[in-house]
S.K.: 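Got a structure here, written out as structure tokens. Questions coming.
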Amino acid sequence: MSALSTIRTHPEELKRAIETRNKPYPDVDELVRLDTECRRMAGEVNALRATRNERGRALAEAKKKGGSAADEGVARELALLRDSIAEQEEALQSLEEKRDALVLLMPQVPHASVPVGRDARDNVVVREVASTVATIAHPKPHFVIGPELNIIDTERGAKVAGEGFYFLVGDGARLEMALVNFMRESHRQRGYTEVLPPILVSRDSMVGTGQLPKFAEDSYNTVLDDLWLIPTAEVPLTNLYRDEVLLGTDLPLKVMGFTPCFRREAGGHGVETRGIARVHQFNKVELVQFSHPEKSYEQLELLLADAEAIVKALGLRYRILNLCTGDLPDKAAKCYDIELWAPGAERWLEVSSVSNFEDYQSYRAGIRFRDQQSAKPEFVHTLNGSGTALARLMIAVVETWQTSEGAIEIPPVLRPAFGGQERLAPTRLVGERELGRGRRGWTAG
RNA sequence: GCUGAGGUAGCCUAGCCUGGGAAGGCGCCAGCCUUGAAAGCUGGUGGCGGCGACGCCUCGGGAGUUCAAAUCUCCCCCUCAGCGCCA
């Protein structure tokens, strides 16, 4: 049920849903009142236009037979009618704009299986899975071992781009790309079509997936062209089929895409941001599905399994949360988070959000499907899941696969990408900064 | 970036000069015919409102002229071709 028709048919359900979300939203009653008024006015304008069209056609007929003074009178009369139509149309338009702006701020109705709760503390752990790696007692956090091995360089990242940016170097970069390629191949085998999308998108696309208008301050944009740097590949992948009608027999459509993601993360500083757990740019493999509404919750479970397969194959400790109503994003009807355990930093890291948006996005982006040629197009359900986010995945790998000698073992599934190499090699290119004056240039690895 | 040609319903196309209910074809759907199918014939096939007869909106988007705009004027977007620039 799309936002506007939910407002018309189930305002009470929407009201209850909003209450469980425990955040402020526009007043439903006000919205219903606005919508009713819009429809009443539309009817009036409609009737006026009918009169204008009818009289106008009669005038054309009369003119064909030769004009007269009477026709001039009709024309003057119609000019007045035109002005009052214009006036009414203007009023209607501003009312509709007001209504539509409110509709865009309305959240999705949570699914019945979503636990009711006030905030993140009420999220429900669906399951927790232990690491299959023999982890050492006290592994170093990535922000210690990363610089030691010279595979993660946040200082130079800050120098070049500012706080929240970093370089991956040498085997650090190789590890990231090996993880990316492992994930791409895994998802390809699970039936996803790979796309390499634009990472700058138009304002319309950002509205289509719900990043705008509400979360403008979370994203970077270009002033001259009003293009936006994607915060997630969800934006271009979901907008792939914007304003299109899909074939019911093609559903579910499954696409994946690897992109960098850009987030301003305004206001997030402190212990939690040390290292690369919370950065302005990171890479991610994203999964998106366009589903038949009746199948979308089955698909959600399959999508979760697709994302889960990655962290499982890497032997990492993880848990899956069912987000409660108070923590659920506006656009989601249901959302699972996959969190990885980082044994060095000793904290859980969110690496994947697996969500069913139902028709929240398809309504905004105009993505529909038709079951039969004759049937009316309906909105698809869109789902997406990170499959998964790098940087944080990198943290968990680097901390979980540490040896007591201070090395990092390469997970077996990634070794083919390293030509069979078993451990990450420290990077050898360093300067005075690391070595001190007098020992410049290359050192033996 | 410059010059030119274009953008009409799912697709293809007419209408634009000369303003007055968007025509036709393909595809698709339904019906007739048929043992079945094809062919053929008939009808339907953008969106919104209404139980409905019906009405309104829609010709890439917006603004303007006009009683009336697919059609005339202006601005913008996109596609194609040529030229320029370029990883």
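Chain A is the first sequence line, chain B the second, and so forth, proteins listed ahead of strands; every chain is numbered from 1. Bear in mind the structure is a predicted one, so any value in this text is a computation, not a measurement. These numbers come from the heavy atoms of this one structure, side chains and all, not from hydrogens, waters or symmetry mates.
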S.K.: Among B:rC67, B:rG49, B:rG47, which is the nearest nucleotide to the side chain of A:Arg8?
M.R.: B:rG49
S.K.: Taking B:rC17 as the reference, what is the distance to B:rG31 when you measure between their C1' atoms (whole Å, please)?
M.R.: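 The answer is 44 Å between these two C1' atoms.
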S.K.: Tell me whether A:Leu196 at atom CG has more than 12 heavy atoms from other residues, nucleotides or ligands lying less than 6.0 Å away.
M.R.: no
S.K.: Pairing of RNA chain B as dot-bracket, 5' to 3': ( ) intra-strand, [ ] crossing, | other strand, . unpaired, with Watson-Crick or G-U pairs under 3.5 Å?
M.R.: ((((((((.[[[..)....(...]]]((((((.......))))))((((....))))..[[[[[..)....]]]]])))))))....
S.K.: Would you tabulate the nitrogen or oxygen pairs shorter than 3.5 Å linking the protein to nucleotides 51-57 of chain B?
M.R.:
{"from": "B:rG55", "atom 1": "O2'", "to": "A:Asn46", "atom 2": "OD1", "distance (Å)": "3.1"}
{"from": "B:rC56", "atom 1": "OP1", "to": "A:Asn53", "atom 2": "ND2", "distance (Å)": "3.2"}
{"from": "B:rC56", "atom 1": "O4'", "to": "A:Asn46", "atom 2": "OD1", "distance (Å)": "2.4"}
{"from": "B:rC56", "atom 1": "O3'", "to": "A:Arg49", "atom 2": "NE", "distance (Å)": "3.4"}
{"from": "B:rC56", "atom 1": "O2'", "to": "A:Arg49", "atom 2": "NH2", "distance (Å)": "3.3"}
{"from": "B:rC57", "atom 1": "OP1", "to": "A:Arg52", "atom 2": "NH2", "distance (Å)": "2.9"}
{"from": "B:rC57", "atom 1": "OP2", "to": "A:Asn53", "atom 2": "ND2", "distance (Å)": "3.2"}

S.K.: In whole angstrom, give me the gap between the P atoms of B:rU3 and B:rC75.
M.R.: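 Each nucleotide's P atom is 12 Å from the other's.
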S.K.: Side-chain donor-acceptor pair under 3.5 Å between A:Gln361 and A:Asn384, yes or no?
M.R.: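 There is no such pair between these side chains.
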S.K.: Determine whether A:Ile85 and A:Leu81 make a side-chain contact, defined as any pair of heavy atoms from C-beta on separated by less than 4.5 Å.
M.R.: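 SC-SC contact between A:Ile85 and A:Leu81 confirmed.
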S.K.: Quick one: does A:Thr232's side chain get under 4.5 Å of A:Arg263's, heavy atoms only?
M.R.: yes
S.K.: List every contact pair, protein side and nucleotides 6-11 of chain B side both N or O, where the distance is under 3.5 Å.
M.R.:
none

S.K.: Checking contacts here: which listed nucleotide (B:rG47, B:rU66, B:rG20) is nearest the side-chain heavy atoms of A:Arg82?
M.R.: B:rU66
S.K.: Do A:Arg190 and A:Tyr192 meet the cation-pi criteria used here (NZ or CZ under 6.0 Å from the six-membered ring centre, within 45° of the axis)?
M.R.: no
